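The structure under discussion appears below in the form of structure tokens.
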Number of protein chains: 8
Amino acid sequence: MAVGFVLISTAPSKEHEVYDELLKVEEATELYPLFGEYDLLTKIEAPDFNLLGQVVVDRIRPIPGVIDTKTLTCINF
Amino acid sequence: MAVGFVLISTAPSKEHEVYDELLKVEEATELYPLFGEYDLLTKIEAPDFNLLGQVVVDRIRPIPGVIDTKTLTCINF
Amino acid sequence: MAVGFVLISTAPSKEHEVYDELLKVEEATELYPLFGEYDLLTKIEAPDFNLLGQVVVDRIRPIPGVIDTKTLTCINF
Amino acid sequence: MAVGFVLISTAPSKEHEVYDELLKVEEATELYPLFGEYDLLTKIEAPDFNLLGQVVVDRIRPIPGVIDTKTLTCINF
Amino acid sequence: MAVGFVLISTAPSKEHEVYDELLKVEEATELYPLFGEYDLLTKIEAPDFNLLGQVVVDRIRPIPGVIDTKTLTCINF
Amino acid sequence: MAVGFVLISTAPSKEHEVYDELLKVEEATELYPLFGEYDLLTKIEAPDFNLLGQVVVDRIRPIPGVIDTKTLTCINF
Amino acid sequence: MAVGFVLISTAPSKEHEVYDELLKVEEATELYPLFGEYDLLTKIEAPDFNLLGQVVVDRIRPIPGVIDTKTLTCINF
Amino acid sequence: MAVGFVLISTAPSKEHEVYDELLKVEEATELYPLFGEYDLLTKIEAPDFNLLGQVVVDRIRPIPGVIDTKTLTCINF
């Protein structure tokens, strides 16, 4: 199982809308509004890294109001 | 009392408009135009951290001309 | 309950040692090695924000091998 | 009067020591421990910008435990 | 021969379109979608540094969907 | 005399237009297109720091095609 | 095959030594000194992402003179 | 002629020493102490880009007290 944390910047006033849309993304298993440089943080899980990438590119980034994303990919020791 | 400092990037030519709007936000107790990476800095105070977050999301970010914000949250030693 | 995600940069070759020490911090409820700019990510939980700050300052940053931390604090909508 | 806000990164475990030393710097009129990328934030005031620069270079940066500083300089509209 | 690596941020949902356009740029000798802060990475080669700069300014940045670029220029030891 | 260096990000394809407009700003005494994170760098000089800030806010940032600026302010030792 | 690009900051004066050591890392298939924020860039390839992570943690970061690394991981469209 | 601007971070209390050493580097044609994220900025000129790189690697970075550098390379339109 590949795990990642996606930091999301939204357009001002779009935080709630993007938050609600993310709740519908089944791979997004945790979701938090944030203080600081990014507006939302979501934990995503997928069978492998390429599918993890596709969740970001095809499911999260196209959500209206998403301006920028930064994905932190987890590895195993 | 929760305290935070919000770094604000504005659209070019919108610095003065955003500044004037921020003067109306009562939780914004200090306000400065800046050199450097961000255009404005405001100190905000609210009864607790979640209300502090709502000041940013619901009062500051929606101001027309605000492009991006970065909130530095203060803690107590 | 206050929640935060701490991004941790370690000294080269200290990733495993810091990882093992973090496993002993009870407030650290999730822990991942990372690709990218930071080496480890841990989710921390505490009764309130100030106690959350103390976990970072007094329990995480002093771990030998920790060079830098960046804490993302979660708020509620 | 020139005003600036200095973001300060300290060595892990040195936050309190640097905080205590900053309390002795008379030009530092406000001082906060922070969550996030920097550990402390202090507001400094001096008669002009060059003297403001000297407060940073000669009074703040030399404090044992200070690793890095980033000064945000305020201007007037 | 001057070599550079261009980190590219695209508008959300434009990753594939920008990728396809970059395949037509002959100076772009390697091309990868990325996790993390940037969406695409391409290696570019040109007879000298100024021509390398023109590839970025005149061939890559104008591609519809490109929001931002950061060019890492290679030197010889 | 106050001196600053303004790092400028332009919209893709607007580099030349912004460059040409900057040539008309008399306080801009040096001007360079850049590789890297920013697209242009200009050195500005003004009688004092507040006037330097106004050159940035009122003369440079409003130029069509300017997306973001970061001003490095020089001090005297 | 998993592919990544590792941006490496070295201690001043250690650029050549780290460069020479990287030449011995078989997974490092391309290697460039850089202008800009990072000192070296190397392309690494491994059978899967976790092994790619281990190349960074166990083979690259321990090289004497490496201060910091930032790994850009490639995905497939 | 290749032109670059080198942003320099120094160890705290080493600003003056590094400044004095840079005055001896003939390729460094302009030199300023800075507010903000970096401590010094120097403009360097050399016959070509590779020699410009060698000025940074062999003449500037080895100066005792230099912690980090970021070189902005200029191109011609």
Side-chain angles (χ1 to χ4, degrees), chain A residues 1-22 24-25 27-29 31 34 36-76, chain E residues 2-46 49 52-75:
Chain A
M1 181 63 82
V3 178
F5 286 82
V6 187
L7 293 163
I8 299 166
S9 291
T10 75
S13 307
K14 297 290 186 186
E15 299 84 354
H16 291 271
E17 284 172 43
V18 174
Y19 182 92
D20 294 340
E21 285 301 309
L22 282 166
K24 302 170 190 170
V25 177
E27 295 88 351
T29 56
L31 174 59
L34 290 181
E37 198 171 327
Y38 291 93
D39 304 302
L40 298 170
L41 170 68
T42 187
K43 176 180 173 183
I44 55 172
E45 301 180 53
D48 67 51
F49 273 95
N50 281 315
L51 290 174
L52 201 71
Q54 284 161 29
V55 170
V56 176
V57 173
D58 301 332
R59 305 287 308 282
I60 291 178
R61 284 173 60 85
I63 294 172
V66 168
I67 289 179
D68 189 25
T69 61
K70 178 173 181 174
T71 306
L72 309 172
T73 37
C74 306
I75 53 176
N76 301 325
Chain E
V3 178
F5 285 83
V6 186
L7 293 162
I8 300 166
S9 291
T10 75
S13 307
K14 294 292 184 186
E15 299 83 354
H16 290 271
E17 285 172 42
V18 174
Y19 182 91
D20 295 339
E21 284 302 308
L22 282 167
L23 290 174
K24 301 170 191 170
V25 177
E26 61 176 289
E27 296 89 349
T29 57
E30 292 183 43
L31 174 58
Y32 297 93
L34 290 181
F35 270 126
E37 199 171 326
Y38 291 92
D39 304 302
L40 297 170
L41 171 68
T42 186
K43 177 180 173 182
I44 56 174
E45 300 180 53
F49 273 96
L52 201 71
Q54 283 161 30
V55 170
V56 175
V57 173
D58 301 332
R59 303 290 305 284
I60 293 179
R61 285 172 61 85
I63 294 173
V66 169
I67 288 178
D68 190 24
T69 61
K70 178 172 181 175
T71 305
L72 309 172
T73 38
C74 304
I75 55 176

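Residue numbering restarts at 1 for every chain, and letters A, B, ... go by the order of the sequence lines. Note that the structure is predicted; figures quoted are calculated from it, not measured.
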Report task. Not counting sequence neighbours, which residues clear side chain to side chain donor-acceptor pair (under 3.5 Å) with A:K70? List them please. Result ->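 Here the qualifying residues are C:E37, E:E37.
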**Report entry** Positions in residues 45-52 of chain A that reach chain E, provided some heavy atom is under 4.5 Å away
**Finding:**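 A:F49, A:L52, listed by number.
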**Report entry** E:T69 (side chain) donor-acceptor with E:L7 (main chain) under 3.5 angstrom
**Finding:**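 Checked: no pair found.
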Query raised in the report: Which pairs pass ring-ring contact (aromatic ring centres under 6.0 Å, His included) with one or both residues in residues 14-46 of chain E, sequence neighbours excluded?
Result: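 Of all non-adjacent pairs touching residues 14-46 of chain E, those that pass ring-ring contact (aromatic ring centres under 6.0 Å, His included) are E:H16-G:F77, E:Y19-G:F77, E:Y32-G:F5.
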Distance in Å, [X] [atom1] paired with [Y] [atom2], rounded so as to fall on 0.5 Å steps:
| X | Y | atom1 | atom2 | answer |
| --- | --- | --- | --- | --- |
| E:L40 | E:E21 | CG | CD | 12.0 Å |
| E:L41 | E:L72 | CG | CG | 8.0 Å |
| A:E15 | A:S9 | CD | OG | 10.0 Å |

Query raised in the report: Is there a side chain to side chain contact (heavy atoms under 4.5 Å, CB included) between A:T71 and E:L34 once you walk through the steps?
Result: CA-CA 9 Å; A:T71 306; E:L34 290 181; over 6 Å; no
Query raised in the report: Is there any residue in residues 55-65 of chain E with a non-hydrogen atom under 4.5 Å from a non-hydrogen atom of chain A, and which ones are they?
Result: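 The stretch does not come within 4.5 Å of chain A.
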Query - Taking every non-hydrogen atom, the tightest pair across A:T10 and A:D39 - result: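 Minimum heavy-atom contact is N-OD2, 2.8 Å.
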Query raised in the report: Should A:T42 and A:I44 count as side-chain neighbours, where that means a heavy-atom distance under 4.5 Å?
Result: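 Yes, at least one pair of side-chain atoms sits under 4.5 Å.
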